[in-house]
There are 2 protein chains.
Amino acid sequence: MGLDQFSEEHDEALHKMRKRVIETIGRNMDLYGISQSTGHLYGMLFFADQPMTLDQMGSEMKMSKTSMSTGIRTLLDLKMVNKVWEKGSRKDLYEVEYDWYQTFTDFFDVKWRKSVEANIMILRKSIDEMDRMLEEYAGNPELFAALQKDKMKLHEAVSYYQWLDRLIDTFESGEIFKLVPKEPPM
Amino acid sequence: MGLDQFSEEHDEALHKMRKRVIETIGRNMDLYGISQSTGHLYGMLFFADQPMTLDQMGSEMKMSKTSMSTGIRTLLDLKMVNKVWEKGSRKDLYEVEYDWYQTFTDFFDVKWRKSVEANIMILRKSIDEMDRMLEEYAGNPELFAALQKDKMKLHEAVSYYQWLDRLIDTFESGEIFKLVPKEPPM
DNA sequence: AAGAACGTACAGATAAAACTGTACAAAGCA
DNA sequence: TGCTTTGTACAGTTTTATCTGTACGTTCTT
């Protein structure tokens with residue numbers, strides 16, 4: 001629906017401005033691993049005056065309902081949009097999370113955290129395996145040296161991921177805003 | 001070039017371990033907006049004992065030289081690998097940046113910073129335009145209200161991006177390591 | 001200066017993703 | 001309970017990204 005409530009010629013300028021901002025938001029959304037069209041969907045919702053249904057989005061974006069469904073699901077998973085219930089309607093309504101600081105921290109909590117944990121797990125497993133191999137091939141100097149070199153690399157990788165894990169903790173706890181306040185120090 | 005120096009049966013286990021870690025690294029590399037195969041290339045380089053040439057990578061990865069070239073260029077742009085000069089060889093040699101903390105901050109400096117700056121510029125431009133429209137359509141209450149609402153949203157977006165800009169500053173300056181030390185506090 | 005080796009641009013082929021329409025399950029309404 | 005509406009699964013199509021081979025410019029060697 002968007003601007004339907006002001007169907008006059010002035011709206012053209014507002015529409016154009018919104019479109020430009022939406023384009024920009026959508027283009028830079030690949031940082032979050034989101035496709036451009038889902039980024040557009042997000043941008044459109046950003047300017048929406050009230051929560052929207054899938055059908056409304058579909059007609060606004062001129063896209064199929066299925067695409068809207070999958071796009072919204074992606075945005076929901078990243079907590080970039082929220083589901084809103086409105087009594088009397090059995091349609092699902094969605095609106096963007098307007099607190100972008102929250103969106104930022106949620107993004108890292110959802111996407112990066114998962115990756116960090118998976119990596120640490122695999123690395124630990126590999127280090128254990130490596131310890132066994134180090135014992136087994138203690139008599140083969142060359143192989144032993146190669147194993148130790150790899151093991152050191154894996155240990156350093158684990159340290160890094162643990163740091164990343166703690167960094168994400170500070171995002172999630174809001175501690176990061178002590179170091180970098182939302183309001184710039186004048 | 002990998003394990004060729006130990007062509008015995010024990011190497012199987014080491015190879016397998018490396019492969020698993022490489023797979024994991026490659027899979028989670030999409031956080032950096034990098035394709036899976038470029039992620040594999042990175043993982044392979046991670047375990048390489050010395051800097052490698054494009055041809056060596058090509059034979060190790062069983063991929064075309066062109067793909068190696070474009071993959072390496074991507075990794076170079078993100079400063080995930082470095083070009084190494086070796087006197088006497090006119091081939092380009094590459095090795096991964098083993099300081100992953102550096103890689104992390106470089107990533108934000110390269111990718112996010114660009115995005116942040118582009119967004120702020122577009123938003124400022126739109127806010128200016130909006131001020132003109134607010135004057136022009138002061139007589140149209142509904143449109144005026146809509147404009148003000150949008151303008152507020154844009155202002156909040158600018159604030160957020162400025163915060164992000166300052167956050168990336170703390171990454172780049174290393175100040176972030178004061179809040180989140182590399183060595184975990186025991 | 002001529003030749004050889006190296007890296008990349010380009011165009012075509014292959015693989016992956018995004019999108020659509022239909023069909024169907026779930027949930028509210030009569 | 002039957003009827004309608006809403007959201008999603010699935011298969012097929014379209015679009016986009018990735019990969020390959022050839023051709024060519026550049027640089028180093030002789």
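- Less than 4.0 Å separates DNA chain C from at least one heavy atom of each of the following residues of residues 64-82 of chain B: K65(B), T66(B), S69(B), R73(B).
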Let me see the working for M130(A) and L154(A) under side chain to side chain contact (heavy atoms under 4.5 Å, CB included), right down to the final yes or no. CA-CA 10 Å; M130(A) 201 148 256; L154(A) 298 187; 4.1 Å; yes

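- Taking the six-membered ring where the residue is Trp, W100(A) and F46(A) present tilted rings, their angle falling between 30° and 60°.
- Taking the six-membered ring where tryptophan is involved, the planes of W163(B) and F177(A) are tilted, since the angle between them lies from 30° to 60°.
- Annotation: the span from R27(B) atom CZ to S115(A) atom OG amounts to 9.5 Å, rounded to 0.5 Å.
- Under a hydrophobic-cluster definition in which Ile, Leu, Val, Met, Phe, Trp and Tyr are linked whenever side-chain heavy atoms come within less than 4.5 Å, directly or via other members, L93(B) and Y42(B) are assigned to different clusters.
- The aromatic ring centres of W112(A) and F104(A) sit 6.0 Å or more apart.
- Under the 6.0 Å distance and 45° angle rule, K153(A) does not count as a cation-pi partner of F47(B).
- Salt bridge status for E129(A) with R20(B): present, with a side-chain N to carboxylate O gap under 4.0 Å.
- From the 5' end on, the contacts that DNA chain D makes with chain B at under 4.0 Å to a non-hydrogen atom open and close at dT18(D) to dC28(D).
- Cation-pi geometry between K79(B) and F107(B) is not satisfied (NZ or CZ under 6.0 Å from the ring centre, within 45° of the ring normal).
- Ionic pairing of D169(A) and R113(A) is present here: one or more N-O contacts between side-chain nitrogen and carboxylate oxygen are shorter than 4.0 angstrom.
- Along DNA chain C, the stretch of nucleotides lying under 4.0 Å from any heavy atom of chain B spans, 5' to 3', dA5(C) to dC10(C).
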